[in-house]
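Heads up, the thing below is written out as structure tokens.
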Amino acid sequence: MAHPESNSGVHGGTLGIRRIAAPVSGGPTVLRILLGAQLRRLREARKISREEAGNVIRASESKMSRLETGRVGFKHRDIADLLTCYGVTDPQQRQALQDLARGASTQGWWHDYSDVLPAWFEAYVGLEEAAVSIRAYEIQFVPGLLQTEEYARAVTLLGHHNAPASEIERRVRLRIARQSLLAEPRPVHLWAVLDEAVLRRPAGRPGVMRRQLQHLLQAADRPNVTIQVIPFQAGAHAAAGGAFSILRFAEADLPDVVYLEQLTSALYLDKRETVDHYMAVMERLCLEAVPSACTARTINAILRDR
């Protein structure tokens, strides 16, 4: 998605603790979610309510909900108190969760960009880092993971036209840094469905859009990148409401997430029925779009028109 800044597991142990079979990628965002999920499982196994658990660590029920969904981090003392409350006495099990908490409290690489990274988007960067696949539908901009530096600069200026040049460059650097996900040894699979308007709407100085389209041609050759285009002639379609992304993860404790970005905030949706609805819409979009095998021909035709 063009941001303004923009399932396997191994069961083991007792009381529902799920051991992580391999090192988890994605940094603190993902580790917080995994830690919260494991603590929630322990609480539910003991039939302890969120309110009762919150009383143990001097927290409200709503804060317990945020802790268990990974939206905020746990303190070391809180984890120790909760594990005692949940009847976890095995030293190895307690240590495993404390180690997970330690990793969750570290700072991701994106912390270096905290001066230009709003809190509502920081969560997305962390989830994006851990995703094994990202499916995105765009109606206005090329997805951030596929933008050239000069196109990213032009798009960033649209939302921050009064910002100093140094800040614009920081925002562009952040976006380009995120693109390393596509070139890692085990890269994320990106499947982008673009409205034809994305490819025809110019951004920046003359030549910027031409080079962006050429960059898309190169990106489409990557085995982990799929690009489809919905032509104008397809008419109205299932996702007329706006752009969205769906992120999927390898860890069973990480549910698929639908990401909806707004001007100054974002929505993260993970209820199964909601995700299923968006996935069904995405599938219909892919059927209505030109097959990916014809993407290069579509982009080259637009290049000839420029």
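- Between Asp112 and Arg170 there is no salt bridge, since no side-chain N of the basic residue sits under 4.0 Å from a carboxylate O of the acidic one.
- Residues meeting the side-chain contact (heavy atoms from CB on, under 4.5 Å) test with Ser265, sequence neighbours left out: Gln262.
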Legend entry - Residues Val258, Asp270; criterion side chain to side chain contact (heavy atoms under 4.5 Å, CB included); working and verdict: CA-CA 6 Å; Val258 173; Asp270 63 5; over 6 Å; no
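- Side-chain atoms of Leu269 and Val257, non-hydrogen and from C-beta on, never get closer than 4.5 Å to each other.
- You'll find the side chain of Tyr278 reaches within 4.5 Å of the side chain of Leu260, heavy atoms only.
- With rounding to the nearest 0.5 angstrom, the CG atom of Leu100 is 11.5 Å from the CZ atom of Arg32.
- One distance of note links CD of Gln179 with CD of Gln147; it measures 7.5 Å at 0.5 Å rounding.
- A donor-acceptor pair under 3.5 Å is absent between the side-chain atoms of Arg175 and the main chain of Leu145, judged by distance alone.
- Residues Val30 and Ala130 come closest through the heavy atom pair CG2-CB, 3.0 Å.
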Inset, instruction - Begin with the C-alpha distance, continue with both residues' side-chain angles, and end with the deciding distance and a verdict on side chain to side chain contact (heavy atoms under 4.5 Å, CB included) for Thr295 and Thr226. - result: CA-CA 9 Å; Thr295 295; Thr226 302; over 6 Å; no
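- For the pair Ala183 and Pro187, the tightest heavy-atom approach, listed with the atom from each and the gap, is N-CB, 4.3 Å.
- Taking each heavy atom of Ile230 and Ala289 in turn, the nearest pair found is CG1-CB, 3.6 Å.
- At distances below 3.5 Å, at least one donor-acceptor pair connects side-chain atoms of Gln212 with backbone N or O atoms of Leu146.
- Val275 has its side chain out of reach of Pro255: every pair of non-hydrogen atoms, C-beta onward, lies at least 4.5 Å apart.
- Between the side chain of Gln228 and the main chain of Val290, a donor-acceptor pair closer than 3.5 Å is present.
- With hydrogens and angles disregarded, no donor-acceptor distance shorter than 3.5 Å links the side chain of Ser114 to the backbone of Trp110.
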Inset, instruction - Would you sort out whether Tyr259 and Tyr268 count as a ring-ring contact (aromatic ring centres under 6.0 Å, His included), showing the intermediate values? - result: CA-CA 5 Å; Tyr259 176 77; Tyr268 297 83; 5.2 Å; yes
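- Legend: ring pair (Phe, Tyr, Trp, His ring centres under 6.0 Å) pairs involving residues 176-233, not counting sequence neighbours: none detected.
- The line from CG of Asn55 to CD of Glu61 is 9.5 Å long, rounded to the nearest 0.5 Å.
- Two residues are said to be in side-chain contact when any heavy atoms from C-beta on lie closer than 4.5 Å; Phe249 and Ile33 fail this criterion.
- Hydrophobic clustering places Ile299 together with Met209 (ILVMFWY residues linked when any side-chain heavy atoms are closer than 4.5 Å, directly or through intermediates).
- Contact of the Leu35 side chain with the Leu67 side chain is not registered, since no non-hydrogen atoms from C-beta on lie closer than 4.5 Å.
- Here the CG atom belonging to Leu42 is positioned 8.0 Å from the CD atom belonging to Gln93, to the nearest 0.5 angstrom.
- Salt bridge Arg50/Glu68: present, at least one basic N to carboxylate O contact under 4.0 Å.
- Residues Phe244 and Met282 are in side-chain contact: their nearest non-hydrogen atoms beyond the backbone lie under 4.5 Å apart.
- Cluster membership for Val208 and Val142, using ILVMFWY side-chain heavy atoms within less than 4.5 angstrom, is shared.
- The pair Arg77-Asp81 meets the salt-bridge criterion, with a side-chain N (NZ, NE, NH1 or NH2) lying under 4.0 Å from an Asp/Glu carboxylate O.
- Rounded to the nearest 0.5 angstrom, Leu34 CG and Leu97 CG are separated by 11.0 Å.
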Legend entry - Gln140/Arg201 under side-chain hydrogen bond (donor to acceptor under 3.5 Å, both in side chains): CA gap, chis, key distance, verdict: CA-CA 8 Å; Gln140 182 167 349; Arg201 180 178 291 108; 5.4 Å; no
Inset, instruction - Apply the test side chain to side chain contact (heavy atoms under 4.5 Å, CB included) to residues Ser292 and Ile227: give CA-CA distance (whole Å), side-chain angles for both, the deciding distance (0.1 Å), then the verdict. - result: CA-CA 6 Å; Ser292 59; Ile227 300 175; over 6 Å; no
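- Between Asn224 and Val188 the shortest heavy-atom distance is ND2-O, 3.0 Å.
- Considering only heavy atoms from C-beta on, Arg43 comes within 4.5 Å of Arg40 through its side chain.
- The salt bridge (charged side-chain N to carboxylate O under 4.0 Å, His left out) search around Glu51 returns none, not counting sequence neighbours.
- Tracing side-chain contacts under 4.5 Å through hydrophobic residues (I, L, V, M, F, W, Y), one reaches Tyr124 starting from Trp109; they form part of the same cluster.
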Legend entry - Residue pair Asp90, Arg94: steps toward the side chain to side chain contact (heavy atoms under 4.5 Å, CB included) verdict: CA-CA 6 Å; Asp90 181 86; Arg94 293 177 70 95; 6.0 Å; no
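- Taking 4.0 Å as the cut-off between side-chain N and carboxylate O, Glu169 and Arg153 count as a salt-bridged pair.
- Salt-bridge check for Glu288 with Arg284: failed, with every basic side-chain N at 4.0 Å or more from each acidic carboxylate O.
- In the displayed structure, Arg205 atom CZ is contacted under 6.0 Å by at most 12 heavy atoms of other residues, nucleotides or ligands.
- Within the 4.5 Å cutoff, no side-chain heavy atoms of Leu254 are placed close to those of Leu247.
- The closest donor-acceptor contact from the side chain of Arg222 to the backbone of Leu182 lies under 3.5 Å.
- Placement of Leu157 and Leu174 in two distinct hydrophobic clusters is found when ILVMFWY residues are connected by side-chain heavy-atom separations under 4.5 Å, directly or transitively.
- The minimum heavy-atom distance linking Arg71 with Ser65 is given by the pair NH2-OG, 3.6 Å.
- Between Arg135 and Cys286, the shortest heavy-atom contact is NH2-SG, 3.3 Å.
- Rounded to the nearest 0.5 Å, atoms CG (Leu216) and OG1 (Thr148) are 8.5 Å apart.
- Note on Val281 and Leu267: same hydrophobic cluster, where clusters join Ile, Leu, Val, Met, Phe, Trp and Tyr whose side-chain heavy atoms are under 4.5 Å apart, directly or indirectly.
- A donor-acceptor pair under 3.5 Å is absent between the side-chain atoms of Asp78 and the main chain of Phe74, judged by distance alone.
- Between the side chain of Arg58 and the backbone N or O of Val56, at least one donor-acceptor pair lies under 3.5 Å.
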